[in-house]
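Chain letters run A, B, ... following the sequence lines, proteins first and then strands; every chain starts at 1.
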Amino acid sequence: MITILKKLGSPKWFYHFSHKLTPWIAFFSITVLFTGMIWGLLFAPEDYLQGQSFRIFYVHVPTAFLAQSIYIAMAIFSFISLVWRIKLTEMLSKSCATIGISYTFIALVTGSLWGAPTWGTWWIWDARLTSMLLLFFLYLGVIALHSNFENRQTAAKAAGILAIIGVVNIPIIKLSVNWWNTLHQPATLKFTQASSITVDMLIPFLICFTGFSLFAAWMIILKTQNEILIRESKTKWLKEAIKNHAI
Amino acid sequence: MDHNRNSLSPIFSLTGNNLSFFRNDQVIFRNISFDISQEKLLFVTGQNGAGKTSLLKIITGLQRDYTGSILFNKQPIHSLQEAYRSIFLYLGHQTAITKNQSVLENLQFYMNLSPKNSINAPKSFIKTQLQKLKLDHLGEILCSQLSAGQLRRVALTRLFISNEINQHRLWILDEPFVSLDHKGFETLQNLMEDFIKKGNSIILTSHQHVNVDAPTYTLDLPEGEFTRV
Amino acid sequence: MQFNSWQTFLLMGDHGFYVFSSYGVALLILSANFLSAKIQKRKILKSLINHDKHNASY
Amino acid sequence: MLMRQLTRWIYLKVNLLVFKLTELFRVCFHVLKRDLILSFTQKFDWLNPLFFLVLFTSLIPLSMDPSPENLSKVAPSSIWTAALLSSLLSLETLFKRDFEDGTLEQLYLIPYPTSLLIFMKIFAHWLSSGLPITLLSIPLALMLFMPADGIITLFYTLLIGTPILSLIGAIGAALALNLQRGGLLLALLLLPLYIPVLILGAGSVYAAVSGLAISGQLALLAAMLIGCLLTTPLMTMASIRISLT
C-alpha cells in the first residue's frame, strides 16, 4: 500500500493532474460562490428577529466551519507526511495554512460585524467567537514555524508537529471555553441559533458553503503548485516543463 | 600478546545498501553502499559538505530521513533500537562536555549511563585514563575553564575508557584528530590499533592521513566508491 | 426579489453597512489570496528561468 | 518436572526484569541528579522565573485601585497568568545548553529509551521551575487579599497545572532549539496550547471563591496532566530529533 501511496503522491503526478484540474475548479468555485452570495443577499428572506443583518450568516458560518475543517485537514496531511515521509503531503499541509488563516480572519470579522447591530458592541467574549480567535492563534503558530526555518524540510516537519498537537487541542479548547463561558455568564443574546433556519434560507447557505470549500480547494492546489516549483526546482521533469512552457 | 577478546559475540557486520540522502531538496549523496565487519577501519573521505557527517548520523540512527537501509548483523538498525545503540560510541564535532561540571563529573556521568560500568574505584580509574592524554592534573577543574584543545582531549578520553572496559564494539568518530598535537595523534593511533585488534571496528572521518595497520576501507563521498586500501 | 426598489436594497433595513462590509471583506480576502498565489508563481518562475539561463551560460 | 522448569523460567524472567529495571532506574536517577545539580548551581536558571512571578504580580495592584475587594476579584487571574508566563520564561533553559554542547545528542545514543530520559529532564525542569512557582504563589495570593479557600484551590490547580505547562512547553522548546530568536516564537507557539490549562486553573479558583464545587475542574486538569504525561515525551523526542539533524 505504501508504495502506491508514494507513487501516487509524487509531486510530478500531482502537478500535471492539478494543472489540468485548475480551470474547472476555478470556474465552478467562482460561479457557485457568486450564485450563493447573490441568492443570500437578494433572494433569501430576512430574519424576523434580526432583520437584514442575518444575511451575514451566509458568509460567517461557512467560513467558520471551513476554517476548522481546513485545520484538521492540515493536521492529517502533516501526520501522513511525518509518518510515511511523503513529500507531497508536506507541501499540501503548508498550503492549507494560508487559506485556513484567511477563512478564520473572515469568520472573526464577519462575526463581530454581525454582532455589532444586535449587541451594540463590536466584540463580545462569547464561546464561539473566542474559540475562533484561539484557532486564529493556532494558525499563526503554524505559519510562524513554516517561515522561521531556513531548511524547508525541517520547517515543514516542525509545523507538522504543531498542527497535530493543535488539532488534539481544538476539542479541549472548545470544552474549556464553553465551561468558562457558563462560569462567568456574560449577559449576551445567543445570536447564532436564535432564529430557526427555514428551507429557503438553507439552500443559499449550502450553495455558499460549497462555493467557499471549492475556493479553498482551488487555493490549496495553487499554493501547492508554487511549493512544488520551489522545492522541485532541481528535478529534470520540472526543467523540461519550464522549457516547453507547460507550466 | 593476549587481548581479552570482546565478551560480546565476536562476529558482527554493518552493511549499508544504496543509501541516498537529500538535504533541503538537494542531493547530498546517492546509492552509497558499504560493508564492514569486525576488525576493520572504514575511512570516510570527501570535501566539506559531501555528506560525511550526515552519513555518520545515518549510521548512528539519529538521521532517519534517508532512503536505502542499514543492517547490523542482517537486521535493520531501526528495529534493533536499544540493542544497536549499546554497540557503538559516537563522537561528533561537538565535545558533549557540560561546561558547568568538572572533568571527572562529566566522564563519571557518561560511565554511569552505560550498561557496563562495574568499576569499583571509578575516580582513580578515570584519573589513570586522563593521564594518557596528559589531562590528569585537570580532574577537578570546571570544564568552562578549559581550552578548546583540552576539551577535545577530555572528550577523547571517553575512547580510552571505552577501550579499557570493552564498553563498545564500534567507534563512529567525526574528525577525532582535530586540534591534537603530534604526541596526542600518536597515542590515539595506537589506541585505535589496540581497539581494532580486540575484534572491534572504527568508522572514521578525518582530513589528516591516518596509518593504522589494520584492514582499512575507504568510502569516498559523494560518488561513494567503496575500496579496500 | 426581497426588495421592491434599489433604494431599500442599499439601505438593507439600516443594517446595510454591516452586511455589505462583511461581504466586501470576504471578497477582498479571497481575491487577495488568489492574487498572492498568482504573483508568487510568477516570481518563482522568473527566478527559475534566470537561474537556468545563468547556469546555461557557463 | 515441568513445574520445576516453569518456576525456574519464571524466576529467570523476573530476575532479568528486575535487573533491567534497576539499571533503567539507575540511569534515570543519574540524568535527574545531573540536571537538578546543574539547574540549582546556576543561580539565575531557577531564580529568574520567581523574580518574574513576583514582579508581575506586584504590577497588578500598581495598575489599579488596590482596595481589597477590587484586588481579590482580580487575584486568581493575575496569579495564574503570572505563573503561566514565568513557566514559559523558564523553558529557554530546558534543552538549550545541552543542545549547544552536544550532550543532548549523546543522550539520544545511549542504549536506554530516550523518551524516558527526556521525561526525566522535563521532570527535573519542573522541579527547578514549576514547583518553586507553585510554592511562591501562596504568599503572593495573600498579598492580593485572596480568601483562604481560594488559596487552597490555587495551590492544587497550580500543583497539577504547572507540570502540564512544562510538558507542553517541552515540545515548543524542542521545536525552537535551532532558532535564534526562539523565545518570542515559543510564546506564539505555546500560548494557544496553554489556554485550556489557564481557563480550568483560574476558573476553579474563582469557582472555589464563590463557593461552587471544583472537583470536576480538578479532575479535568488531572486528566489533561495524565494525557500529557503519556504523549508529550514521545512528541518531544520526535521534535528534538528534527532539531538535531
If I take atom CG from residue D:Leu167 and atom CG from residue D:Leu225, how far apart are they, to the nearest 0.5 angstrom?
7.0 Å
Nearest-0.5 Å distance that lies between atom CG in D:Leu36 and atom NZ in D:Lys121:
10.5 Å
So what's closer than 4.5 Å to chain B heavy atoms on D:Ile242: side chain, backbone, both or neither?
neither
Any chance you could lay out the side chain to side chain contact (heavy atoms under 4.5 Å, CB included) test for D:Phe99 and D:Asn178, step after step, and finish with the verdict?
CA-CA 9 Å; D:Phe99 175 73; D:Asn178 41 25; 4.2 Å; yes
Would you call B:Glu164 and B:Lys132 a salt bridge, using N to O less than 4.0 angstrom?
yes
Salt bridge flag under 4.0 Å for residues D:Asp98 and D:Arg34
yes
Based on non-hydrogen pairs under 4.5 Å, which of D:Leu109, D:Thr103, D:Ile37 is most in contact with chain B?
D:Leu109
Among residues 53-70 of chain B, those lying within the under-4.5 Å heavy-atom range of chain D are B:Lys57, B:Thr60, B:Gly61, B:Leu62, B:Gln63, B:Arg64
Heavy-atom distance under 4.5 Å to chain D: side chain of B:Tyr84, backbone, both or neither?
neither
Is B:Phe109 in contact with chain D via its backbone, its side chain, both, or neither, using a 4.5 Å heavy-atom distance?
side chain
Under 4.5 Å between any side-chain heavy atoms of B:Val103 and B:Leu130, yes or no?
yes
How about D:Leu135: does its CG atom have over 12 heavy atoms from other parts shown lying under 6.0 Å from it?
yes
B:Phe88 ring center within less than 6.0 Å of B:Trp171 ring center
no
